[in-house]
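Both backbone and side-chain heavy atoms feed into the values below; hydrogens, waters and symmetry mates do not.
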Amino acid sequence: MEVTVTTPYGDYRVGSRSAVIVKEVTGVPSQTAAFNACGIIKGSYHPENQSLTCDDWGAENVGPAYYRVTFSYADSSGTDGQTNPLVQPPEIQWDVGIQSERFDRDVYGTAIMNSAGDPFDQPAESSVPVLNFTVTRWEPTPFNVARVLTYVSTTNDGPTTIMGNAFADGQILCTGIAPTGSYRLSAQAIQIAYRFSITTAPSGWDARILDQGMRGWRNAGGRNGGQEQCEILKLGNADRNEPNFQIQQPIRLNGRGLPIDASKYTDGGSVGGFTSGLVENPKAPPSTVKREITSDGLATYLIYRVYRRSNFQSLGL
């Protein structure tokens, strides 16, 4: 059933110190769902007067999947004459950290490998900066634990703007959402710190791994039809009667389970009298894994999402 929200009534007068907004919601199963559908939270401004903030709400079930939700607004000034903390603007703090990053190419885009064209056993590593920033703002109680479980240890889903700064997809990692200190259950507002880390790595916070290995795939003919995993053998020199031999270290693959220079390798055996040679594995990689082929075609990198994605825009920062 489609969820619809209408605003049949609103009581607000210019110069008044309070206001009421009533919304009618259909197609929802509960009071909480009706409240969430309205898009208004405690502490948010009145749409016509930002000196008024929402201080309470209530929902009445008036029919099947039909609720009437009432939001009340009060003057932002506290009883002690101090400004209501819920109307204070967020505060931002920046600092710079260091992250160790493996490099497979230099600043000119040249692949880092030895003079024989092989990657080094120990990839080049260097320290790259990570920008850490914290946005602190006052929010109404109670503390939203569900928001923590939704966003912490996730990266941004798509291009995202936070506090006026634009970031690419997967570039921001939410490292924490928590109160800045202790508070009483009777508190009307608590200060919440949203902590993020921004990586400068081209693949963001996704894992980028060189595709290499010592096993491949072959067609299993005869009774064992279908594909199966197999050892990779290096072709010997037929002119010198040299036999094929098993590789002793990982070789680079093309992102689909086949050696990049497949003409130099074989499956090294027969199944049911049938020898097919090495083939690509049609199941690899899954659609969730990106393939990145270097410009010279000498290496393929697989990029895995190791963090869930979340819509950080909905945090309203």
Side-chain angles (χ1 to χ4, degrees), residues 98-130 155-156 158-159 167-173 197-219 227-237 242 244-269 275-309:
I98 295 296
Q99 174 186 354
S100 180
E101 182 78 13
R102 289 186 175 185
F103 288 87
D104 57 84
R105 66 192 70 188
D106 62 16
V107 295
Y108 306 104
T110 305
I112 297 176
M113 56 182 61
N114 63 26
S115 57
D118 292 323
F120 291 101
D121 291 337
Q122 295 296 326
E125 291 191 8
S126 183
S127 297
V128 296
V130 174
T155 57
N156 58 307
F167 303 101
D169 174 58
Q171 190 177 13
I172 319 170
L173 174 66
S197 289
I198 307 164
T199 179
T200 55
S203 54
W205 290 100
D206 294 339
R208 183 174 178 273
I209 304 173
L210 176 65
D211 186 23
Q212 60 180 348
M214 299 179 65
R215 295 207 292 175
W217 289 81
R218 66 179 174 187
N219 283 327
Q227 291 185 327
E228 65 178 13
Q229 207 170 27
C230 66
E231 301 297 329
I232 296 178
L233 302 189
K234 181 72 178 292
L235 288 173
N237 190 323
E242 292 178 353
N244 302 332
F245 58 92
Q246 188 171 352
I247 59 175
Q248 300 300 312
Q249 60 184 3
I251 60 173
R252 283 165 283 172
L253 306 176
N254 70 346
R256 299 188 185 279
L258 189 67
I260 287 180
D261 192 354
S263 63
K264 296 180 180 179
Y265 301 93
T266 181
D267 62 339
T275 302
S276 65
L278 298 170
V279 297
E280 289 188 341
N281 174 16
K283 299 179 181 179
S287 59
T288 56
V289 180
K290 295 180 181 178
R291 289 195 310 154
E292 178 189 311
I293 303 174
T294 57
S295 58
D296 53 16
L298 296 177
T300 299
Y301 288 84
L302 301 179
I303 301 176
Y304 292 83
R305 286 192 179 185
V306 292
Y307 292 99
R308 290 185 296 110
R309 292 287 207 268

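- Contacts of Arg215 classified as salt bridge (Lys or Arg N to Asp or Glu O under 4.0 Å), with partners at least two apart in sequence or in another chain: none.
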As a quick check of understanding, evaluate side-chain contact (heavy atoms from CB on, under 4.5 Å) for Leu235 and Lys264, giving each step before the final call. CA-CA 6 Å; Leu235 288 173; Lys264 296 180 180 179; 5.5 Å; no

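- Here OG1 of Thr266 is found 12.5 Å from NZ of Lys234. Values are rounded to the nearest 0.5 Å.
- Rounded to the nearest 0.5 Å, atoms CD1 (Ile209) and OH (Tyr301) are 11.0 Å apart.
- Although no hydrogens or angles enter the test, the distance criterion places a donor-acceptor pair under 3.5 Å between the side chain of Arg252 and the main chain of Leu298.
- Proximity of a side-chain donor or acceptor of Arg309 to a complementary backbone N or O of Gly158 within less than 3.5 Å is not detected.
- Closest heavy-atom contact between Gly255 and Pro285: O-CD, 2.8 Å.
- Remark: Tyr307 pairs with Thr155, Leu173, Trp205 by the side chain to side chain contact (heavy atoms under 4.5 Å, CB included) rule, at least two apart or across chains.
- From Gln171, atom CD reaches atom OG of Ser197 across 11.5 Å, with rounding to the nearest 0.5 Å.
- Remark: Asp211 engages no residue in a salt bridge (Lys or Arg N to Asp or Glu O under 4.0 Å) (not counting sequence neighbours).
- Remark: the backbone N or O of Pro159 is not paired with any side-chain donor or acceptor of Asp169 at under 3.5 angstrom.
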I would like to know whether Gln246 and Leu233 meet side-chain contact (heavy atoms from CB on, under 4.5 Å); could you show each step before the answer? CA-CA 4 Å; Gln246 188 171 352; Leu233 302 189; 3.6 Å; yes

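- Once rounded to the nearest 0.5 Å, the distance linking CG of Leu253 with CG of Leu210 reads 8.5 Å.
- Rounding to the nearest 0.5 Å places CD1 of Ile260 at 9.0 Å from CD1 of Ile251.
- Side-chain contact between Thr288 and Arg305: absent, with no pair of heavy atoms (C-beta onward) separated by less than 4.5 Å.
- When all heavy atoms of Asp267 and Cys230 are compared, the pair lying nearest together is CB-SG, 3.8 Å.
- Rounded to the nearest 0.5 Å, atoms CD (Gln249) and CD (Gln212) are 9.0 Å apart.
- Side-chain N or O atoms of Glu292 include none that pairs as donor or acceptor with a backbone N or O of Thr300 at under 3.5 Å.
- Of all the heavy atoms in Ile232 and Gly216, the pair that sits closest is CG1-N, 3.5 Å.
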